[in-house]
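For reference, the structure discussed in these notes is given below.
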Amino acid sequence: MSDCLFQRYRAHVLDVLRRIVPDISEDLLARVELTPTRDPAHGDMATNAALIAAKPARRKPADIAADIATSLLGVEGIASAEAAGPGFVNITLNHSVLQDVIPAVLKAGESFGDSQIGKGTKVNVEYVSCNPTGPIHVGHCRGAVVGDALANLLDKAGYDVTKEFYINDAGNQVAALAWATYWRYLQAIGSTMDAEAFNAITPNGLQYQGEYLIPIGQALAEAHGTSLAEDGAKPAPAEKWFTLVKDFAVARMMDGIREDLLTLGVKHDVFTSEAKVLADGVTDRAIKMLEAKGLLYEGVLEPPKGKLPDDWEARPQTLFRSTEFGDDVDRPLRKSDGTNTYFANDIGYHLDKIERGEQVLVDVLGADHGGYVSRMKAAVKALTDGKVALEILLCQIVHIVRDGQPVRMSKRAGTFVTLSDLLDEVGKDAVRFTMLTRKSDAQMEFDLDAVVAQTRDNPVFYVQYAHARCRSVLRAAEEMLGAEAVTSAALETVSLKALIADAEIALLRRIASWPRTIEGAAAAREPHRIAFYLGDLAADFHALWNRGRDETTLRFLQENDREGTLARVALVAATAMAIRSGLAVMGVEPVEEMR
RNA sequence: GCGCCCUUAGCUCAGUUGGAUAGAGCAACAGCCUUCUAAGCUGUGGGUCAAUGGUUCGAAUCCAUUAGGGCGCGCCA
């Protein structure tokens, strides 16, 4: 039996349609949908089959709909089917079909909703990938959560997923980190050089002046004493310390980043170093491949329109013909001094992923990388002749708000809000859930007060509260019926005939649509849909709970009705399981009770 | 100037890839607690889906143009 009701009955609809319109094409059949109805008055599910088939059959949609409806009446489990609106067929299922969802959920446990649409396709999801030059800050947080949830979602949908972090440890930024760390090291061994004095001797100037490098400098001093400096804590020539300090600082920064990510519940499978990709020669190989395809040339770019940089002058560079793959202008692979651009290294890195056998590459990036999308897609297309897809998810900016006022972030002054600050304040689960309550391509306000509020309008609270209520009912049921009567295994076999109230059916219908929610969200790469599904599921459960306030027969536990009580307890257990299954995708822990 | 993203109720946002009368929470209004289920619940009002044109059985959704907001735009990563 298929896990998904909608797939199962869609197959019946297709059978019927083939009989009524024998010569219908497979293309058209693929467009036939069976979807949950928005309005319960329209039954449990509706199909557009007649609307699709009307044109090739040269009949009115309503007539075909009527024929389909009549034939569907013979299908097991269908209580009624009728033509409606412009040519829909509304289907109402027997209560027993919806009730049978419960044992399926209880048997599957948290794997309820697992799908095979991914067919084991190897997908690499790269996310966070911040520079290892400072603590991870809130700007990276959304990408971290979205990437992680997307990876979980694709995994649940049957893809073979790798979670990956790219360490940008090869460019000017880490050189600047090394210099700044060295400054803190000199201070740690007694130098009194201030920022201004050190800035004067630093190539490109002293950049990272935040206090977070002070302990790193002290650690260097502990490990190496004064050996990295000249006598009297004076700066030594860079050759003497640069590589050592750089590697030391990057390693410490990555430790901190990894730790912060772990606190956020994010754990990557693979960390790939830009420096290592370079050292392995993958980047050179990628450039040679592009060259062999005739896609590189020496040229001079037009100056950018509008804002002309002050120091602009025409210089020849090695350019990649990205315009042949839909980009606006060709892009430089080498700077005028002959060294690689970041783009060139990134092409090498993507080739590395491709050579590892990844079939779909997903990059989760911040909105400030928007200008980067088309060139990187062009590069992957060029390298693989279009065989590997690169998908890029841009996460728009998050504005942190407190008391209705924006919280300022200034990286330069070192006073930016770090991820660990945010986690300390509102907790991992609230951060993760809230970051998934918007589609990622829309800007978002993150209200520090609202996300911890224990009120109806806080979706984190609302969903957790539903789960806690479920658990509370199950605990009470154990008390009343004995623990062995309410185990999952025991509840799989109870009679569910008592579950016929509207609110109970509505909840069952919602649970039944979890598998197709997973498939839709995975196909669209939209993890936020899981948050909204859980909100709806919680609303249905709370509605049922509240119905019991007025109508006592709808309360879950009834002393004088063992069969009905067991049926409702099974429903509650299935609801809790569906919530847990959804929270697992989001990386949020379900709570047992609210405090 | 160009490219990408966004614009849906007073506010914050959904809208299941083109489906039926566009939804939810907050706010507003009207009710509901000596709690076996009120950190809450029930009901009501609230819309030219930024604008215009197009595509078709059917458009908030796709295309074109326009307006407003965000991000980006050769040797930063």
Side-chain angles (χ1 to χ4, degrees), chain A residues 6 31 33 35-39 41-42 46 48 51-52 54-55 60-62 84-88 90 129-131 133 166 168 170-174 176 274 300-307 309 311-315 317 319 327-332 334-343 345-346 366-374 392 394 396-397 437-445 447 450 453-459 461-462 465 469 472-473 513 516-517 519-521 523-524 526 528-529 531-533 535-536 539 542-543 545-550 552 555-557 559 594:
Chain A
F6 294 88
R31 287 174 52 204
E33 294 183 321
T35 53
T37 54
R38 198 170 293 168
D39 183 347
H42 295 152
N48 61 350
L51 291 161
I52 299 290
K55 197 177 270 183
K60 286 183 188 161
F88 291 99
N90 293 334
S129 297
C130 53
N131 292 335
T133 52
Y166 182 47
N168 298 133
N172 295 333
Q173 300 303 314
V174 286
E274 179 182 2
V300 177
L301 285 175
E302 294 286 309
K305 298 282 191 300
K307 287 178 209 163
D311 58 347
W312 194 91
E313 57 180 276
R315 290 167 197 162
Q317 292 174 286
L319 300 174
D327 202 358
D328 305 321
V329 292
D330 292 337
R331 304 291 178 174
R334 294 213 173 88
K335 306 173 190 174
S336 49
D337 66 5
T339 59
N340 288 348
T341 58
Y342 177 81
F343 177 47
N345 289 356
D346 214 10
D368 53 344
H369 291 68
Y372 198 64
V373 172
S374 45
I392 296 184
L394 288 182
Q396 293 292 328
I397 296 179
T437 54
R438 298 278 181 280
K439 20 175 213 247
S440 49
D441 52 9
Q443 289 179 48
M444 160 175 193
E445 280 202 354
D447 188 324
Q454 307 224 325
T455 57
R456 166 71 183 90
D457 54 320
N458 178 3
F461 168 79
Y462 196 62
Y465 192 24
R469 273 183 162 172
S472 162
V473 170
S513 67
R516 73 183 299 281
T517 301
E519 291 177 356
E526 290 188 344
H528 76 277
R529 290 193 199 179
F532 283 93
Y533 170 82
D536 290 340
H542 288 306
W545 175 289
N546 292 325
R547 207 57 55 86
R549 193 199 310 267
D550 303 323
T552 52
R555 293 184 183 180
F556 300 111
L557 307 179
E559 284 290 352
M594 306 305 289

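- Across all strands shown, A/Arg516 has heavy atoms under 4.0 Å from base atoms, whether or not it also approaches the sugar-phosphate.
- Two residues, A/Ala543 and A/Phe556, neighbour RNA chain B, and the one matched to the more 5' nucleotide by heavy-atom proximity is A/Phe556.
- No side-chain heavy atom of A/Tyr372 sits under 4.5 Å from any side-chain heavy atom of A/Ile392.
- Taking atom C1' on both B/U56 and B/G68, the two are 30 Å apart, rounded to the nearest angstrom.
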Intra- and interstrand pairs of RNA chain B - dot-bracket, Watson-Crick/G-U under 3.5 Å, | marks other strand: (((((((..((((.....[...)))).(((((.......))))).....(((((..]....))))))))))))....
Tell me, for nucleotides 6-14 of chain B in 5' to 3' order, what letter each nucleotide earns: B for a base near a protein heavy atom under 4.0 Å, S for only sugar-phosphate near one, - for neither? S-----SSS
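- Residue contacts for A/Ile397: at a heavy-atom cut-off of 4.0 Å it reaches the sugar-phosphate backbone alone, with no base atom in range.
- What separates CD of A/Glu526 from P of B/C5 is a distance of 14 Å, to the nearest Å.
- Figure legend: cation-pi geometry between A/Arg331 and A/Phe343 absent, as NZ or CZ is not positioned both under 6.0 Å from the six-membered ring centre and within 45° of its axis.
- Glycosidic conformation at B/U17 (O4'-C1'-N9-C4 for purines, O4'-C1'-N1-C2 for pyrimidines): syn, within 90° of 0.
- Contact annotation for A/Pro61: no contact, since no heavy-atom pair falls under 4.0 Å across all strands.
- The gap from the P atom of B/A28 to that of B/U35 amounts to 28 Å, rounded to the nearest Å.
- Glycosidic torsion of B/C33 falls within 90° of 0, placing the base in syn.
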Report the C-alpha distance between A/Asn48 and A/Arg31 in whole Å, list the side-chain angles of each, state the deciding distance to 0.1 Å, and finish with yes or no for side-chain contact (heavy atoms from CB on, under 4.5 Å). CA-CA 9 Å; A/Asn48 61 350; A/Arg31 287 174 52 204; 5.7 Å; no
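- A donor atom on one side chain and an acceptor atom on the other are found under 3.5 Å apart for A/Asn345 and A/Glu274.
- Between A/Phe88 and A/Thr37 the shortest side-chain heavy-atom distance does not fall below 4.5 Å.
- Backbone-only contact: A/Thr455 has heavy atoms under 4.0 Å from sugar-phosphate atoms and none from a base.
- At the heavy-atom level, A/Thr552 lies under 4.0 Å from base atoms of the strands shown.
- Under the rule for a side-chain hydrogen bond (donor to acceptor under 3.5 Å, both in side chains), the partners of A/Thr455 that lie at least two apart in sequence or sit in another chain are A/Asp457.
- A/Pro459 is not listed as a side-chain neighbour of A/Phe532, based on a closest heavy-atom distance of 4.5 Å or more.
- Nucleotides B/A30 and B/U48 place their C1' atoms 30 Å apart, quoted to the nearest Å.
- One finds the NE2 atom of A/His542 at 7.5 Å from the CZ atom of A/Arg456 (value rounded to the nearest 0.5 Å).
- Here the side chain of A/Asn458 pairs a donor or acceptor atom with the backbone of A/Ala450 at under 3.5 angstrom.
- A/Ala54 and A/Pro61 get closest at one heavy-atom pair: CB-CG, 3.7 Å.
- For the ring pair (Phe, Tyr, Trp, His ring centres under 6.0 Å) test, residues two or more places apart in sequence or in another chain that qualify with A/Tyr166 are A/Tyr349.
- Summarising the geometry, the separation between CD on A/Gln454 and P on B/A38 is reported as 16 Å, rounded to the nearest angstrom.
- In the set B/U37, B/A39, B/G74, the nucleotide with an atom closest to the side chain of A/Tyr465 is B/A39.
- For the pair A/Asn340 CG and B/G74 P, the interatomic distance rounds to 19 Å; values are reported in whole Å.
- Nucleotides B/U37 and B/A24 have their P atoms positioned 28 Å apart, rounded to a whole Å.
- Between A/Lys60 and B/C57 there is no side-chain N or O to OP1 or OP2 distance below 4.0 Å.
- Taking side-chain N and O atoms only, A/Asn345 has no distance below 4.0 Å to OP1 or OP2 of B/A77.
- Look at the C1' atom in both B/A59 and B/U21: the space between them is 16 Å, to the nearest Å.
- To the nearest angstrom, C1' of B/C4 lies 11 Å from CG of A/Asp327.
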Return a single string for nucleotides 18-31 of chain B, one symbol per nucleotide in 5' to 3' order, where B is base contact, S is sugar-phosphate-only contact and - is none, cutoff 4.0 angstrom on heavy atoms. -BB----SS-----
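- Atom P of nucleotide B/C73 and atom CD of A/Glu302 are separated by 18 Å, given to the nearest angstrom.
- Scanning all heavy atoms of the two residues, the minimum distance from A/Pro332 to A/Leu301 falls at CD-CD1, 4.0 Å.
- Close to B/U37, at under 4.0 Å from its OP1 or OP2, lies a side-chain N or O of A/Arg555.
- Annotation: side chain of A/Asn340 is in contact with side chain of A/Arg334 (closest heavy-atom distance under 4.5 Å).
- Backbone-only engagement by A/Ala367 is indicated by non-hydrogen atom pairs under 4.0 Å involving sugar-phosphate atoms exclusively.
- Distance CG (A/Asn546) to C1' (B/C33): 14 Å, rounded to an integer number of Å.
- A/Phe461 is linked by a ring pair (Phe, Tyr, Trp, His ring centres under 6.0 Å) to A/Tyr465, counting only residues two or more places apart in sequence or in another chain.
- We find the CE-CD distance between A/Met444 and A/Gln396 to be 12.5 Å, quoted to the nearest 0.5 Å.
- At the heavy-atom level, A/Phe343 lies nowhere under 4.0 Å from the strands shown.
- When the P atom is compared between B/G58 and B/G19, the two are found 14 Å apart, to the nearest whole Å.
- Nucleotide B/C5 holds its P atom 13 Å from the CD1 atom of A/Ile392, rounded to whole Å.
- Using C1' as the reference atom, B/U65 and B/U42 are 48 Å apart when rounded to the nearest Å.
- Counting non-hydrogen atoms under 4.0 angstrom, A/Tyr372 reaches a base of the nucleic acid.
- Taking for each of A/His369 and A/Leu394 the nucleotide of RNA chain B with the nearest heavy atom, the 5'-most of the two is the partner of A/Leu394.
- Distance, A/Gln396 CD to B/C4 C1': 9 Å, rounded to whole Å.
- Look at the P atom in both B/C32 and B/C71: the space between them is 50 Å, to the nearest Å.
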